[in-house]
Amino acid sequence: MGARGESVRVGGRRLDIGNPDKELFGSSGITKRDLAAHYRSVGPAMLPHVKGRPLALHRFPDGIDGEGFFQKRRADHAPDWVEGVTVPREKGSTTMVVANGTATLVWLAGQAVITLHPWLSRADDLNRPDRVIIDLDPPGDDFPGVRRAARDTRRLLEELGAPAFLMTTGSRGLHVVVPVRRRLVFDECREIAHGIADRLAQRHPDRLTTEVRKDKRGGRLFVDVLRNSYAQHAVAPYSVRPLAGAPVATPLHWEELDEVASARQWTVRGIGRRIEEVADPWRGMGRRACSLPAVAKRLRHLDR
DNA sequence: GACTGTA
DNA sequence: TACAGTCAACGCGTC
DNA sequence: GACGCG
Ligand SMILES: [Mn+2]
Ligand SMILES: [Mn+2]
């Protein structure tokens, strides 16, 4: 270990990781070295879902018990091979990091980036998302309730002719991800997603709600579609969460859902074995992209 | 984590 | 050289 | 316009 930290080889580069022995997850023993090794290892599985997308970065330089913050602007000190995309915002524009290789993931780990949150759109068409995400947020830690909501969501999406992919968030809920053709802008997509969420809550008013305010949810699971908006984002697959034990957002096969006991089932310690043993649940997602206007039309017909 | 200003 | 201080997001819905 | 929320 030199004065600048520890050398890591990745993507044909050698990067230095400062403070490699710093424990980032309390006293679990998981260090910044482990975080970097995680992202190097999951890079090939993760990158297809991250490439080309502006990233919001959740950083914890002093570990998860210290102060954390989101960073959207690409730091000036980033190496020139860390790519960026300039995105318009309300006032002016800002340049954000885009991870197009495993080396960038590892460099970010060195910056104490624990969680990556990609946009739902890509750099070549920032206003038109190619993913719609139905985010299932349980009250408390009721995972059986989340599983049931996910099956309800899948059933409705099937009726609407929309493909549905599944992921644990590594926290408390599940994400149901719908790949869509890039035909509509964010406001139009969110309106359709809202229609889907409202229909779910209408079918199961005792268990599901679209109420934003917690005090109006009455113990029901929040079907959150507000993330389908410009400059909003959702946790990336195989990203680590800033929680005890370093849980990892994990794509699932629908057939696995019944056996999964928690959104935190996989961690940096266990995800490697899973990736080796289980076929990629999200393989071919892009090729299954559906027409959102067609989905909206079928949704309107359900109302009759 | 990186940088700046001050002692 | 050492160290204290500073900075590092944002859109939507509701009140 | 501020606040709650994720
Ligand atoms: Mn620090
Ligand atoms: Mn969620």
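Computed from heavy atoms alone, side chains included, the values below leave out hydrogens, waters and symmetry copies. Within every chain, numbering begins at 1; the chains are lettered A, B, ... in the order of the sequence lines, protein sequences first and strands thereafter.
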Does a salt bridge link A:Arg182 with A:Asp124, judged by any charged N lying under 4.0 Å from a carboxylate O?
yes
Identify all side-chain donor-acceptor contacts of residues 282-297 of chain A below 3.5 Å with residues at least two apart in sequence or on another chain.
from     : atom 1 : to       : atom 2 : distance (Å)
A:Trp282 : NE1    : A:Leu166 : O      : 3.0
A:Ser291 : OG     : A:Ala294 : N      : 3.2

Solution key, residues 168-176 of chain A side-chain donor-acceptor pairs under 3.5 Å, sequence neighbours excluded:
from     : atom 1 : to       : atom 2 : distance (Å)
A:Thr168 : OG1    : A:Thr250 : N      : 3.0
A:Thr169 : OG1    : A:Ser171 : N      : 3.1
A:Thr169 : OG1    : A:Gly173 : N      : 3.4
A:Thr169 : OG1    : A:Gly173 : O      : 3.3
A:Arg172 : NE     : A:Gly140 : O      : 2.9
A:Arg172 : NH2    : A:Pro138 : O      : 3.4
A:His175 : NE2    : A:Asp135 : OD1    : 3.2

Tell me, which of [range] have any heavy atom that sits under 4.0 Å from an atom in DNA chain D?
range: residues 133-142 of chain A; answer: A:Asp135, A:Asp137
range: residues 173-185 of chain A; answer: none
range: residues 208-226 of chain A; answer: A:Val212, A:Arg213, A:Lys214, A:Arg217, A:Phe222, A:Asp224
range: residues 227-250 of chain A; answer: A:Arg227, A:Gln232

Need two values: the first and the last nucleotide of DNA chain D, 5' to 3', having an atom under 4.0 Å from any heavy-atom of chain A.
D:dG4 to D:dG6
Write out a two-atom table: protein N or O, nucleotide N or O from nucleotides 2-7 of chain C, distance below 3.5 Å.
none

Identify the 5'-most and 3'-most nucleotides of DNA chain B with at least one atom closer than 4.0 Å to a non-hydrogen atom of chain A.
B:dG1 to B:dC3
Does A:Leu116 offer a backbone N or O that forms a donor-acceptor pair with the side chain of A:Ser239 under 3.5 Å?
yes
Suppose we screen for side chain to side chain donor-acceptor pair (under 3.5 Å). Which residues come up paired with A:Glu159, at least two apart in sequence or across chains?
A:Arg203
Using a strict heavy-atom distance below 4.0 Å, which residues from residues 55-64 of chain A are in contact with DNA chain B?
A:Arg59, A:Pro61
Any pair counted as salt bridge (Lys or Arg N to Asp or Glu O under 4.0 Å), so long as it reaches residues 138-147 of chain A, sequence neighbours left out
A:Asp141-A:Arg264
